[in-house]
Asker: 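Dumping the structure here so I can ask a few things about it.
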Number of protein chains: 2
Amino acid sequence: MFTIGQIAARTGTKVPTVRYYEGIGLLPEAERTAGGQRRYDRAALDRLGFIRHARALGFGLEDIRALLDIEGHGDAHAIAERQLRDVRDRMARLARLESELARIVGSCAGGGGTGPCRVLEALGDHDACAADH
Amino acid sequence: MFTIGQIAARTGTKVPTVRYYEGIGLLPEAERTAGGQRRYDRAALDRLGFIRHARALGFGLEDIRALLDIEGHGDAHAIAERQLRDVRDRMARLARLESELARIVGSCAGGGGTGPCRVLEALGDHDACAADH
DNA sequence: TATAATCCCTCTAGTGACTAGAGCTTCAAG
DNA sequence: CTTGAAGCTCTAGTCACTAGAGGGATTATA
C-alpha cells in the first residue's frame, strides 16, 4: 500500500492534484487508515499513471474519463485521432504566431540599445500581419 | 462615438469581453449616455485593437497591461522576446506530443475495423515514449 | 406618438485543471 | 513519548473569458 505522497511522487503528480482527481471521480475513493489517511494499491497507481500520461499528451480530463470508461470499444481510436488533429491545429497556429512575433522582435535590432524600440508600433500595426489571427 | 457593439464588431471582440477589459482596468471607463450606455471614441477603439492584436499573439493580459503602461521604455522589447521564447518552447513540446500521438494512433490501422484497438494499451505504456513528458 | 426590434445594462456563476493557504490531525522513527 | 514530516478538509484564487437571468435604452418604422 502506498500513501498519497508516494503515488504522487511515482507518477510525477502533486499531492493536491491526486485529491482533485478523486474529487471529480477520475480516481476511485481511496481506502482510509483508521486515522483517515488515504492508502492506495497497485491498481490505483497504474490508473494514475495512465491519467498522467494521457494528460501529458494533451488529453482533457473528460476525454480521459471516456478512455477509462470504454475499455476496448472503438471510441478510443476516435478520441485519439481527434486529439492528434487538435495538436496539429495548434502547431499550425503557433507557427504563424512565431513568424509574426519574430518579425516584431526583429523590428528593432538590439535589446540594450539607445534608440526608440519599434515593438510597440509593430504590435499596434495590425495590417502588417500576414492574416487571420 | 461608437457603441460597445460597434467597437466589439470592429475589433473581433465579444461584447462581454469589452466590459471585462474595462472591469480589470485594461480599458479606461467609458463615457456614458444619459441612459447609462457606454460610448467610445477613436482612442478607445485603437486601444482595444492593440489589446486584441497582442492577445492573438499569445500575450497575457498582464503583459499587455505592461506594454500599454510603458509607452516606449526598453521593457517592450524584453516582453516580446520572452513571449517569442515561450512560443518556441510550446512549439517544441507540441512537436514531441505530435509524434507520440501519431505513433499511438498508428498502432491500430483502421478506424472502422473489427479487431481490438491498441490505443488504450499504447496510452498506458509509458516506457515506449521517447521521454520527458 | 406608439410600438417593436435590437441593442444595452448589471450581476452571478461557470469553465479547465489545477494551486495556495489556513488550521488542524496522524503517522513513523528514534 | 516526543518530534517532525506528511497527511487531512475547506475555501478561495488562477486565467481569460463566457453564459444566463432579468431588466432598461435606443432607434426605426407605422
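Every chain is numbered from 1, with letters handed out A, B, ... down the list of sequences. Quick caveat, the model's predicted, so the values are computed rather than measured.
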Asker: May I have the distance from A/F2 (atom CZ) to C/dA28 (atom C1'), rounded to whole angstrom?
Answerer: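 Checked: the CZ to C1' distance equals 18 Å.
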Asker: Taking CD1 from A/I51 and C1' from C/dA17, how many angstroms apart are they, rounded to a whole number?
Answerer: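 Computing the A/I51:CD1 to C/dA17:C1' distance gives 13 Å.
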Asker: Near DNA chain C, under 4.0 Å by heavy atom, which residues of residues 3-16 of chain B?
Answerer: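 Output list: B/T3, B/I4, B/G5.
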Asker: Kindly say if A/R52 contacts the phosphate of C/dC18, meaning a side-chain N or O under 4.0 Å from OP1 or OP2.
Answerer: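 For A/R52, the contact criterion (side-chain N or O under 4.0 Å from OP1 or OP2 of C/dC18) is met.
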Asker: Considering only residues two or more places apart or on different chains, which pairs with a residue in residues 24-43 of chain B satisfy side chain to side chain donor-acceptor pair (under 3.5 Å)?
Answerer: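 Output for this query lists B/E22-B/R38.
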Asker: Closer to the 5' end of DNA chain D via nearest nucleotide, is it B/F59 or B/R39?
Answerer: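 The residue whose closest nucleotide sits nearer the 5' end is B/F59.
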Asker: Please tell me if the side chains of B/H77 and B/E81 come closer than 4.5 Å, counting only heavy atoms from C-beta onward.
Answerer: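 Yes - at least one pair of side-chain heavy atoms lies under 4.5 Å apart.
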Asker: Specify the closest pair of heavy atoms between A/A8 and A/V15, including all atoms of both residues, with the distance to one decimal.
Answerer: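 Looking at all heavy atoms of both residues, the closest pair is CB-CG2, 3.9 Å.
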Asker: Grab the CG-C1' distance between A/D86 and C/dG16 for me, whole Å please.
Answerer: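 A/D86 atom CG is separated from C/dG16 atom C1' by 15 Å.
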Asker: Do B/I64 and B/H53 touch side chain to side chain, with heavy atoms closer than 4.5 Å?
Answerer: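 Of all side-chain heavy-atom pairs linking B/H53 with B/I64, none is under 4.5 Å.
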Asker: In Å and rounded to the nearest 0.5 Å, what is the CG to CD distance from B/D86 to A/E98?
Answerer: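 Nearest 0.5 Å value for the CG-CD distance: 12.5 Å.
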Asker: Please list, by residue number, the residues of residues 17-24 of chain B whose heavy atoms come closer than 4.0 Å to an atom of DNA chain C; answer none if no residue qualifies.
Answerer: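 Those residues are B/R19.
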Asker: Can you see which heavy atom on B/T11 is nearest to which on B/L48, and at what distance?
Answerer: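 Minimum heavy-atom separation between B/T11 and B/L48: OG1-CD2, 3.4 Å.
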Asker: Not counting sequence neighbours, which residues clear side-chain contact (heavy atoms from CB on, under 4.5 Å) with B/Y20? List them please.
Answerer: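 By the side-chain contact (heavy atoms from CB on, under 4.5 Å) rule, B/Y20 matches B/I24, B/L61.
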Asker: First and last nucleotide of DNA chain D in contact with chain B, 5' to 3', at under 4.0 Å to a heavy atom: what are they?
Answerer: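 Listed 5' to 3', the contact boundaries are D/dA16 to D/dT26.
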Asker: Minimum heavy-atom separation for B/L26 and B/R47, please, with both atom names.
Answerer: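 Closest approach of B/L26 to B/R47: O-NE, 2.9 Å.
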Asker: Which residues pass the side-chain contact (heavy atoms from CB on, under 4.5 Å) test with B/E62, not counting sequence neighbours?
Answerer: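 So B/E62 forms a side-chain contact (heavy atoms from CB on, under 4.5 Å) with B/R65.
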Asker: Does some side-chain heavy atom of B/Q6 sit less than 4.5 Å from a side-chain heavy atom of B/T3?
Answerer: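 Counting from C-beta outward, B/T3 and B/Q6 do come under 4.5 Å.
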Asker: With respect to the side chain of B/R38, which nucleotide from C/dC18, C/dC7, C/dT10 is positioned closest?
Answerer: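 For the B/R38 side chain, the nearest candidate turns out to be C/dT10.
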Asker: As an exercise, state the distance from CZ of B/F59 to CG of A/L97, rounded to the nearest 0.5 Å.
Answerer: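 Taking CZ in B/F59 and CG in A/L97, the distance rounds to 10.0 Å.
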